A.B. asks: 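Before anything else, here's the structure in question.
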Number of protein chains: 2
Amino acid sequence: MARVRKTVTIRDVAEDAGVSLQTVSRVVNGGPNVRPQLRDKVQAAIDRLGYVPSLAAQRMSGSRSYIILAINDRERTLADWRERRGTDWVDQMLLGGILTCSKHGYRMMVELVDTHSDHVERELGAALSALQPDGVILTPPHSENRLITALLAERAIPFARIGSDAPGAGIRLTMGDAGAAHLATTRLVQLGHKRIAMIAGPSQYSLSGWRIAGWRRALAEAGLPDEGLLEVGDFGFDSGIRAARTLLERNPDLTAIIASSDQMALAALEVARERGLDVPRDLSLVSFDNTPIVRFTQPPLTAVDQPIAETVARAIEHLIARAPGAEDGEVIEVAAALVERSSTAPAPDRG
Amino acid sequence: MARVRKTVTIRDVAEDAGVSLQTVSRVVNGGPNVRPQLRDKVQAAIDRLGYVPSLAAQRMSGSRSYIILAINDRERTLADWRERRGTDWVDQMLLGGILTCSKHGYRMMVELVDTHSDHVERELGAALSALQPDGVILTPPHSENRLITALLAERAIPFARIGSDAPGAGIRLTMGDAGAAHLATTRLVQLGHKRIAMIAGPSQYSLSGWRIAGWRRALAEAGLPDEGLLEVGDFGFDSGIRAARTLLERNPDLTAIIASSDQMALAALEVARERGLDVPRDLSLVSFDNTPIVRFTQPPLTAVDQPIAETVARAIEHLIARAPGAEDGEVIEVAAALVERSSTAPAPDRG
DNA sequence: ACCGATCTTGAGAGCGTTCTCAAGACTTGT
DNA sequence: ACAAGTCTTGAGAACGCTCTCAAGATCGGT
């Protein structure tokens with residue numbers, strides 16, 4: 001039986017190096033005003049003993065908690081997960097978060113919260129009290145929730161809102177939704193398409209509006225109409241089926257669809273198949289999100305890649321470093337990219 | 001400007017209820033020996049004030065940290081993520097973990113560790129010192145790593161190893177790999193297949209061996225040969241391409257392949273396509289993992305669904321509850337299921 | 001009623017860290 | 001060489017909680 005090793009504390013290091021606790025603390029935190037010689041001696045002791053400060057104790061002593069909390073929607077996450085749909089937001093956030101946090105000595109935690117329940121405040125409040133995070137990242141639809149932002153403001157916890165339009169406290173980040181929709185639409189225009197429809201997300205999401213705006217602007221610039229070419233879904237597969245059917249029935253001359261989620265794009269692909277339309281020969285398709293599944297459909301889908309991980313990374317850096325310009329109310333835009341695969345092609349020749 | 005609310009501490013509750021800190025603590029922790037009347041009074045104060053204990057303070061005072069740490073391989077996770085391949089392990093673990101943890105008042109954190117670097121110990125040691133988790137969950141290949149298990153044993157941190165054969169400390173959990181491979185193979189035998197190949201994972205992974213064993217046993221039971229029908233990949237797409245080509249060239253009468261990962265199954269599908277073989281008419285295909293992508297291929301793949309989330313959930317419950325039978329060295333088996341889709345069919349008639 | 005055992009409650013220390021503040025060691029300017 | 005700063009270091013309190021231990025309240029048996 002190996003003897004259980006006692007935890008190495010700051011006191012052990014102080015004794016080993018023959019200095020006070022305070023000096024060790026200063027060295028650990030890179031504080032100023034420590035003579036180089038002493039600093040080296042302490043650092044040597046730290047390395048030798050393998051000392052790492054206890055997060056809990058650091059938090060206790062009134063300094064930071066070194067925890068960033070990401071809030072996700074429980075219902076949607078669980079549904080995605082249960083149906084093995086791919087929990088894109090969660091893993092993208094988590095990875096972007098973990099990487100960025102660890103770079104700065106922070107940790108990321110994910111909290112699932114019920115958006116629609118009356119006790120959002122209660123649930124979130126409990127998490128905040130327990131964890132006392134140094135920052136919170138809100139994704140849609142939580143980033144649009146007034147109750148939540150008010151709660152965070154009241155507790156003076158810095159937070160970042162991703163994909164929200166609502167003004168107010170907190171840094172805001174967007175993933176260039178309008179620009180991406182504009183880009184995708186313009187690309188389809190270049191390919192000769194004249195009737196380009198959009199299946200949008202629900203209107204409660206600010207990003208739905210941005211995408212519609214980008215699409216409209218591109219159409220207007222090309223002198224193309226948008227009447228009858230917009231349908232609204234809920235990001236899910238079934239809503240995509242309904243929307244795609246409606247669009248294709250109403251517009252016999254439709255040659256391109258932009259869907260506001262991969263699931264809805266998959267649904268559009270399915271509808272095309274059931275109507276005997278070949279993608280991309282008869283119908284071009286662009287989706288939003290670029291989750292792993294769209295690479296393996298037949299054909300692989302052209303998609304707008306949402307830079308979730310990068311956006312979260314940016315959010316975290318502002319949160320912890322209070323990076324220059326991290327004023328409340330500032331808006332940071334991370335650009336999305338269009339990944340062209342095989343679901344887009346020149347418009348069919350209507351000879 | 002709303003006034004910033006001060007954190008509610010146990011002291012506030014004690015004052016409000018007119019009792020000592022200790023009594024509040026007992027109520028919060030469900031301690032024994034508190035008169036019902038007093039308990040109710042304290043509970044009322046807790047509810048009124050919205051008190052939630054600080055995790056950091058709890059940890060400090062020598063009790064538990066209420067943190068479960070899951071260790072994942074950094075390299076593999078990052079590669080999966082960068083290529084938008086779907087980080088199945090991460091999100092499945094995370095979700096199973098978050099759900100189970102929150103049910104018991106715990107939190108889950110994910111740590112990415114370099115398996116192949118010499119400083120695994122250093123990296124992991126730092127995480128353990130900082131977080132002081134109450135339990136650690138190890139997935140392959142970390143669950144097979146002696147250095148890691150020794151480190152955890154030395155620090156007396158309970159840990160669970162998923163998918164490892166290596167004896168030693170810690171609870172072990174498997175996802176019924178042998179059984180699942182046996183099940184899949186038997187199903188193919190029932191469909192009339194006589195030449196059933198396997199593309200296995202690397203031999204360092206215990207689960208590779210288990211799957212091969214299950215496959216071999218099923219073949220033996222059916223009186224079928226296994227010579228020349230085994231190829232080894234590294235779970236990745238490219239290795240699957242090589243393995244599938246080799247198998248099909250070497251065995252002209254091959255009618256079924258079981259791949260030990262979704263990526264390798266996708267590769268086999270690709271190879272079938274390039275050789276003009278129709279799946280499932282000419283070749284049946286079964287994959288392992290059942291990540292979201294295999295539902296959207298053409299045809300959708302029959303797959304062994306790895307119950308990662310459930311396994312993690314079980315691991316956590318043993319770790320925190322020290323559930324009955326959580327003896328070190330115990331092995332818990334969670335059964336995997338076969339999800340039949342359209343990549344399997346009766347063996348072609350060799351007339 | 002009385003004695004010992006058991007319940008219930010509270011007081012005080014301690015967990016590992018950082019914060020505040022004060023004391024001593026150097027500088028610098030004259 | 002002396003006063004007035006500036007650096008460097010350390011002592012002690014504080015953070016919010018649970019642990020240990022002791023004191024008072026209550027109970028059961030005679």
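Excluded from the calculations below are hydrogen atoms, water molecules and symmetry mates; all remaining heavy atoms, backbone and side chain alike, are included. Chain identifiers are assigned alphabetically (A, B, ...) following the order of the sequence lines, protein sequences preceding nucleic acid strands; residue numbering begins at 1 within each chain. It should be emphasised that the depicted structure is a prediction, and the values quoted were computed from it without experimental measurement.
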A.B. asks: Calculate the interatomic distance between L38(B) atom CG and dA25(D) atom P; express it in whole Å.
C.D. replies: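 Nearest whole value for this atom pair: 14 Å.
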A.B. asks: Check salt bridge (Lys or Arg N to Asp or Glu O under 4.0 Å) between R74(B) and all other residues, then give those that pass, not counting sequence neighbours.
C.D. replies: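 Checked R74(B) against salt bridge (Lys or Arg N to Asp or Glu O under 4.0 Å); matches are D114(B), E123(B).
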A.B. asks: What is the separation between atom CG on D12(A) and atom C1' on dC15(C), rounded to the nearest whole Å?
C.D. replies: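 Spelled out: CG on D12(A) to C1' on dC15(C) is 13 Å.
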A.B. asks: So does R107(A) pair up with E111(B), basic N to acidic O under 4.0 Å?
C.D. replies: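 E111(B) and R107(A): salt-bridged.
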A.B. asks: Sort me out a list of protein N/O and nucleotides 16-18 of chain C N/O pairs below 3.5 Å, or just none if empty.
C.D. replies:
residue: dT17(C); atom: OP1; partner: Y51(A); partner atom: OH; Å: 2.7
residue: dT17(C); atom: OP1; partner: S54(A); partner atom: N; Å: 3.2
residue: dT17(C); atom: OP2; partner: I10(A); partner atom: N; Å: 2.3
residue: dT17(C); atom: O5'; partner: Y51(A); partner atom: OH; Å: 3.4
residue: dT17(C); atom: O2; partner: S61(A); partner atom: OG; Å: 3.4
residue: dT18(C); atom: OP1; partner: N29(A); partner atom: OD1; Å: 3.4
residue: dT18(C); atom: OP1; partner: N29(A); partner atom: ND2; Å: 2.8
residue: dT18(C); atom: OP1; partner: Q58(A); partner atom: OE1; Å: 3.2
residue: dT18(C); atom: OP2; partner: S25(A); partner atom: OG; Å: 2.5
residue: dT18(C); atom: O4'; partner: S61(A); partner atom: OG; Å: 2.7

A.B. asks: Please determine whether a side-chain nitrogen or oxygen atom of N33(B) lies at a distance below 4.0 Å from atom OP1 or OP2 of dC7(C).
C.D. replies: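 No.
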A.B. asks: If we count only N and O atoms by modelled type, under 3.5 Å, do the side chains of S129(A) and R155(A) hold a donor and an acceptor together?
C.D. replies: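 Side chains of S129(A) and R155(A): pair found under 3.5 Å.
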A.B. asks: Is the side chain of T139(A) donor-acceptor paired with the backbone N or O of I71(A) at a distance under 3.5 Å, no angle test?
C.D. replies: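 Yes: the side chain of T139(A) pairs with the backbone of I71(A).
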A.B. asks: Nearest whole Å is fine: how far is dC19(D) P from R59(B) CZ?
C.D. replies: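 It is 11 Å, rounded to the nearest whole Å.
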A.B. asks: Is there side-chain contact between I137(B) and F159(B), with at least one heavy-atom pair below 4.5 Å?
C.D. replies: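 Of all side-chain heavy-atom pairs linking F159(B) with I137(B), none is under 4.5 Å.
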A.B. asks: Looking only at side-chain N and O atoms, does R35(A) come under 4.0 Å of OP1 or OP2 in dT9(D)?
C.D. replies: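 Yes.
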A.B. asks: Could you give the CG-to-P distance, from L55(A) to dC17(D), as a whole number of Å?
C.D. replies: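 So the two atoms are 17 Å apart, to the nearest Å.
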A.B. asks: Working to the nearest 0.5 angstrom, can you tell me the gap between T100(A) OG1 and R314(A) CZ?
C.D. replies: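 The CZ atom of R314(A) is 11.0 Å from OG1 of T100(A), to the nearest 0.5 Å.
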